[in-house]
Each structure stands twice: as structure tokens, then as C-alpha cells.
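Below you'll find the structure, written out as C-alpha cells, and then a few comments.
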Amino acid sequence: MSIKVDFFKVEVVPHDPNWRSAFESESKLIALALRGNVVAIHHIGSTAIPQIHAKPIIDMLVEVKNIIKVDTQSSEIEALGYQAMGEFGISGRRYFRKGRTHHIHSFEVGSPQIERHLAFRDYGSSVLSMLI
């Protein structure tokens, strides 16, 4: 007997109000793991936009003082159940994933990628507010 697992399946579900508290709980653990290197942790991606259907993955953007220091702190993040993925296609990023439930996108303060990721979230929220 063989079992087929489809890792590329994309699931979109109705908004879950618990996503916010899941972000808040996880961000506290991440802040402790990265100690004094964290400047801010933002809830990004579709789960951060209330009332829309989304992939049930909590995306977090972690602004850090020193991106190279994240490399030396990766074992602390891995201890939380994350897999370190390096830059994973975006220069200057450190990406971690925890199965199909949580993603960390870490950038050094001043990276243009921070503004890009926050703009997606903010644009989605502002468009939604105009519609309701």
C-alpha cells in the first residue's frame, strides 16, 4: 500500500479569528529565541487580513538588527519546530517554516523587502475596508 502526499496542494479557508492570537503567541516565542536581535515582529500575509479567505499559514515578518546574527541563532528557532531554509530565493532574507502552519520571513532593518511585505498586508486591509 502506498500513500500519496500532495505537498503542493493549496488550501484556502474562511478567515479564522484565532489566527491573530496564534500570531501573538508564536511571535513571543520567536522574540525570546532571537533575544536582543529583534526590532519588530509583524503579522503579514493573507491571515493578517480580517474577513478574507486565506491559506491557513501564519506568516510573520521579523525585523532584526543583524541578519547574520540570525544565522547563529537558527538553532533556537529550530528548537521551536522550524526548519531553517536560508534565503530561500530572496536575497537578504532568512526564511524558516514550521510545517504548513507558520512561516518566518526575517530581514535586517532597512531592507526594502520589509516595506514590500507590509504593503501587501496594508493594501489588502484597506481595499477590504472600502468594500464593507
Side-chain angles (χ1 to χ4, degrees):
M1 179 171 99
S2 68
I3 298 173
K4 182 183 178 197
V5 178
D6 187 356
F7 289 102
F8 299 102
K9 178 183 174 189
V10 175
E11 177 183 23
V12 177
V13 299
H15 183 79
D16 183 342
N18 294 316
W19 287 336
R20 180 70 188 169
S21 61
F23 158 74
E24 290 171 358
S25 297
E26 197 72 10
S27 66
K28 289 176 185 171
L29 297 173
I30 293 164
L32 288 172
L34 295 177
R35 295 177 295 284
N37 199 18
V38 173
V39 174
I41 302 177
H42 307 276
H43 189 186
I44 61 169
S46 53
T47 61
I49 304 170
Q51 301 178 359
I52 69 166
H53 285 60
K55 294 180 295 180
I57 299 170
I58 307 299
D59 281 292
M60 295 166 279
L61 187 150
V62 181
E63 290 184 70
V64 296
K65 297 173 188 173
N66 184 332
I67 198 68
I68 301 302
K69 189 172 180 184
V70 174
D71 296 333
T72 65
Q73 297 174 308
S74 65
S75 61
E76 286 87 347
I77 297 295
E78 289 171 333
L80 299 174
Y82 287 87
Q83 178 184 12
M85 306 295 292
E87 289 187 327
F88 205 65
I90 300 178
S91 181
R93 170 174 74 169
R94 296 302 181 270
Y95 179 68
F96 299 85
R97 67 180 174 204
K98 187 182 214 178
R100 294 185 66 128
T101 62
H102 297 77
H103 293 167
I104 300 171
H105 309 263
S106 186
F107 296 96
E108 192 167 283
V109 171
S111 167
Q113 292 293 335
I114 295 169
E115 184 177 341
R116 184 180 75 80
H117 281 80
L118 295 178
F120 169 81
R121 179 203 59 197
D122 296 345
Y123 177 77
S125 295
S126 67
V127 168
L128 179 66
S129 69
M130 290 188 296
L131 297 174
I132 54 175

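Within the 4.5 Å cutoff, the side chain of Y82 has heavy atoms near those of the I104 side chain. When side chains are defined from C-beta on, I77 counts as touching I30, because their heavy atoms get closer than 4.5 Å.
Closest approach of V70 to S106, counting heavy atoms only: CG2-OG, 3.9 Å. S125 and P50 make their closest contact through OG-CD, 4.4 Å (heavy atoms, listed as atom of the first residue, atom of the second, distance). Contact between L34 and Q73 at its shortest, heavy atoms only, is O-NE2, 2.9 Å. Considering every non-hydrogen atom in both H15 and I49, the closest pair reads ND1-O, 3.5 Å. Closest approach of S21 to N18, counting heavy atoms only: OG-O, 3.0 Å. Closest heavy-atom contact between I57 and R100: CG1-O, 3.3 Å.
A salt bridge is defined here as a Lys NZ or Arg NE, NH1 or NH2 lying under 4.0 Å from an Asp or Glu carboxylate O, and E24 with R20 meets this definition.
When each of N66, V62, I68 is checked for a side chain to side chain contact (heavy atoms under 4.5 Å, CB included) with V64, only V62 meets the rule.
Separating the CZ atom in R94 from the NZ atom in K69 is a distance of 14.5 Å, to the nearest 0.5 Å. Residue L80 holds its CG atom at 6.0 Å from NZ of K98, rounded to the nearest 0.5 Å. The CD1 atom of I44 sits 8.5 Å away from the CZ atom of R121 when rounded to the nearest 0.5 Å. For the atom pair CZ of F120 and CG of L61, the computed distance is 13.0 Å after rounding to the nearest 0.5 Å. How far CD of E11 is from NE2 of H53: 11.0 Å, rounded to the nearest 0.5 Å. In this structure, M60 CE and H42 NE2 are separated by 12.5 Å, a value rounded to the nearest 0.5 Å.
For residues 36-55, there are no salt bridge (Lys or Arg N to Asp or Glu O under 4.0 Å) pairs, not counting sequence neighbours.
Shown here are the ring pair (Phe, Tyr, Trp, His ring centres under 6.0 Å) partners of F88, two or more places apart in sequence or in another chain: Y95.
Side chain of R35 to backbone of A33: a donor-acceptor contact under 3.5 angstrom is found. Side chain of E87 to backbone of G92: a donor-acceptor contact under 3.5 angstrom is found.
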For residues 107-116, which side-chain donor-acceptor pairs fall under 3.5 Å, sequence neighbours excluded?
residue: E108; atom: OE1; partner: I67; partner atom: N; Å: 2.9
residue: S111; atom: OG; partner: Q113; partner atom: N; Å: 3.1
residue: Q113; atom: OE1; partner: R116; partner atom: NE; Å: 2.7
residue: Q113; atom: OE1; partner: R116; partner atom: NH2; Å: 3.0

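Under the 4.5 Å side-chain heavy-atom criterion for grouping Ile, Leu, Val, Met, Phe, Trp and Tyr, L118 is connected to I90 within one hydrophobic cluster.
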